[in-house]
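Each remark here refers to the structure printed beneath this line.
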Amino acid sequence: MIHALLAILACQLIGEASTRALALPLPGPVLGMILMVIALQASARLREILRPIAQAILGHMSLLFVPAGVGVVGHFAALGGQAGALAAAIIGSTVLAITVGAACFVAVANWTGNADD
Amino acid sequence: MTDFPEIWSYLSRGPLLWLTATLAAYTLGDACFRAANRAPIVNPVLIAVALLAVMLHFSATPYATYFEGAQFVHFLLGPATICLALPLSDNLPRVRKAALPLLAALLAGSLTAVVSALAIAKALGVTGEVLASLAPKSTTAPVAIGISQAIGGSPTLTAVLVILTGITGAVVATPLLNLLRIKDWRARGFATGVAAHGIGTARAFQVHPTAGAFAGLGMGLNAVLTALIAPLILELFR
């Protein structure tokens, strides 16, 4: 448990520090995730140490967005008189992006003979 | 016996009350979600947020006070992102094998998200700072806020639009993908992660582990891609 937490926080810390030091256009935790993938590929033991805590956190990942969500409610006024237009843009673009992304994946997977196992 | 106002003033100063309330509201939201046969419209985040917003409103609690308790939950967003490495690592051979479909879906999904959002908003009369704030809304919040600042948007408005996009994606993904008859969990998860970042990824993990793994990958890749393309696409709509 402590080892898993240490590994997670160390990756995040290195990620946060390096993205800032090198002014990379990606968030620290995403670089930390890449570092962790490399570490996990190198060590099967680390994979098993990490597994229980990762499954617990990822199983309830939705919970982690609640505080930010509550913050958003207080800022609905920031949408101003354009709330309707912004809602249409968000709903329309999200539906289109999921549709195009998934359809494109399937089309290219079929075209390259890349069915899932 | 100490009276209620005194207990209240003690509790409202520490993090315990609102941390507990956050977990309780989410537990209730999750129970509703399960009771509704995991229907995506009964989104546990949405229910928890609504409950807490009502509680804060009626107890006249400022958000800053709430966040003192809720920050412990909020902090875990970083570690959760690191934890996405595990499903990704477990699925790495499948990810390598699907490199071409992944690349195609990333480019198509990411471009569609930015272009269609800006086109719809502009057609409905949105301009300037608000339009710039909308451009990065499909990426994870810290990246979206950074992009927004760089292209003349409002960080606060972007944060609101990012969360709304995530919830929209989490709610529409399952019925939409069923309607499209797309059964490949890799495609379903990845497209959801690209379009609806972490909240979409959280939803994907509720549906299928493969979808979750590929959603996390989509979220990470789109954070990088949107940082590169959003400023260029916004120029076309100025």
Side-chain angles (χ1 to χ4, degrees), chain A residues 8-9 11-12 25-27 29-30 32-33 36-37 40-41 47 50-51 53-54 57-59 61-76 78-79 82 84-86 88-106 108-109 112 114 116-117, chain B residues 22 26 44-45 48-49 52-53 63 70 73-74 76-86 88-89 98 100-101 104-105 108-109 112-113 116-117 120-121 124 126 130 142-143 156-157 160 163-165 168-169 172-173 176 182 184 186-188 191-192 194-195 199 202 205 220 223-224 227:
Chain A
I8 291 168
L9 293 178
C11 281
Q12 189 180 351
L26 77 168
V30 171
M33 172 178 85
M36 182 62 97
V37 171
L40 291 174
Q41 286 305 110
R47 274 207 289 282
L50 195 67
R51 197 167 300 277
I53 200 165
I57 292 183
L58 295 178
M61 197 173 156
S62 300
L63 162 69
L64 314 185
F65 293 95
V66 171
V70 176
V72 160
V73 176
H75 286 108
F76 275 148
L79 299 175
Q82 297 179 308
L86 291 172
I90 284 181
I91 294 171
S93 72
T94 305
V95 167
L96 282 171
I98 293 177
T99 303
V100 172
C104 210
F105 187 108
V106 171
V108 175
T112 55
N114 195 322
D116 202 10
D117 317 310
Chain B
T22 301
Y26 177 77
V45 180
V49 167
L52 288 162
Y63 182 69
V73 170
H74 183 77
L76 286 175
L77 279 170
T81 307
I82 311 292
C83 287
L84 288 171
L86 184 68
L88 199 54
S89 173
L100 278 178
T112 306
S116 66
I120 295 169
L124 296 174
V126 175
V130 180
V143 182
T156 307
L157 180 55
V160 174
I163 299 279
L164 292 177
T165 299
T168 303
V172 303
L176 175 63
I182 290 171
D184 191 328
R186 302 172 302 170
R188 293 176 66 116
T192 307
V194 167
I199 303 183
F205 271 111
V224 180

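Each chain gets a letter, A, B and so on, in the order the sequences are listed, and its residues count up from 1. Keep in mind the model is a prediction, meaning the values are calculated, not measured.
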Subject >> Rounded distance (nearest 0.5 Å) linking atom CG of L50(A) with atom SG of C83(B) >> reply: 5.5 Å

**OP:** Determine the option with the most heavy-atom pairs under 4.5 angstrom with chain B, choosing from G92(A), A109(A), G59(A).
**Re:** A109(A)

Subject >> Option that, when pairs with chain A are counted at under 4.5 Å, heavy atom only, ranks first among V194(B), T22(B), V224(B), V126(B) >> reply: V126(B)

**OP:** Heavy-atom distances under 4.5 Å only: say whether I182(B) touches chain A with side chain, backbone, both or neither.
**Re:** side chain

Original post:
Taking side chain as C-beta onward, heavy atoms only, is P79(B) less than 4.5 Å from L9(A)?
Top reply: yes

**OP:** Go through G169(B), A173(B), G78(B), A53(B) and name the one with the most non-hydrogen pairs under 4.5 angstrom from chain A.
**Re:** G78(B)

Subject >> L176(B), part contacting chain A, at a heavy-atom distance under 4.5 Å >> reply: side chain

**OP:** Enter the distance from T81(B):OG1 to Q12(A):CD here, rounded to the nearest 0.5 Å.
**Re:** 7.5 Å

Subject >> Heavy-atom pairs under 4.5 Å with chain B, option from A103(A), G74(A), A97(A) with the top count >> reply: A97(A)

Subject >> Residues forming a side chain to side chain contact (heavy atoms under 4.5 Å, CB included) with T156(B), sequence neighbours excluded >> reply: H75(A), S154(B)

Subject >> Most contacts with chain B, counted as non-hydrogen pairs under 4.5 angstrom, among G84(A), G69(A), S62(A) >> reply: S62(A)

Original post:
Which pair of non-hydrogen atoms, one from A105(B) and one from F105(A), has the smallest distance, and what is that distance?
Top reply: CB-CB, 3.7 Å

Original post:
Taking G220(B), A223(B), A202(B) one by one, which has the highest count of heavy-atom pairs under 4.5 Å against chain A?
Top reply: A202(B)

Subject >> Rounded distance (nearest 0.5 Å) linking atom CG of L164(B) with atom CG of L86(A) >> reply: 9.0 Å

Original post:
Of the listed residues (P142(B), A227(B), A104(B)), which shares the most heavy-atom pairs with chain A below a 4.5 Å separation?
Top reply: A104(B)

**OP:** Heavy-atom pairs under 4.5 Å with chain B are the metric here; pick the option from C11(A), P27(A), G32(A) that has the most.
**Re:** P27(A)

**OP:** Just give me the residue among L124(B), V49(B), L52(B) that pairs up with chain A most often, heavy atom to heavy atom, under 4.5 Å.
**Re:** V49(B)

Original post:
So which part of L84(B) gets closer than 4.5 Å to some heavy atom of chain A, the side chain, the backbone, both or neither?
Top reply: both

**OP:** Tell me, with the steps shown, if L77(B) and F65(A) meet side chain to side chain contact (heavy atoms under 4.5 Å, CB included).
**Re:** CA-CA 8 Å; L77(B) 279 170; F65(A) 293 95; 3.6 Å; yes

Original post:
Where on A70(B) is there a heavy atom nearer than 4.5 Å to chain A: the side chain, the backbone, both, or neither?
Top reply: both

Subject >> Region of V172(B) that comes under 4.5 Å of a non-hydrogen atom in chain A >> reply: side chain

**OP:** Identify which of V100(A), T112(A), V30(A), L58(A) forms the greatest number of heavy-atom pairs closer than 4.5 Å to chain B.
**Re:** L58(A)

Subject >> Side-chain touch V73(B)/V66(A), heavy atoms, less than 4.5 angstrom >> reply: no

Original post:
Where on I199(B) is there a heavy atom nearer than 4.5 Å to chain A: the side chain, the backbone, both, or neither?
Top reply: both

Original post:
Atom CD1 in I53(A), atom CD1 in I82(B): separation rounded to 0.5 Å?
Top reply: 12.5 Å

Original post:
With a 4.5 angstrom heavy-atom cut-off, which part of L64(A) approaches chain B: side chain, backbone, both or neither?
Top reply: both

Subject >> Most contacts with chain A, counted as non-hydrogen pairs under 4.5 angstrom, among G109(B), A98(B), A80(B), A187(B) >> reply: A187(B)

Original post:
Only one of I98(A), L96(A), V95(A), T94(A) clears side chain to side chain contact (heavy atoms under 4.5 Å, CB included) with T112(B); which?
Top reply: L96(A)

Original post:
For chain B, which of V70(A), V73(A), I91(A) has the most heavy-atom pairs under 4.5 Å?
Top reply: V70(A)

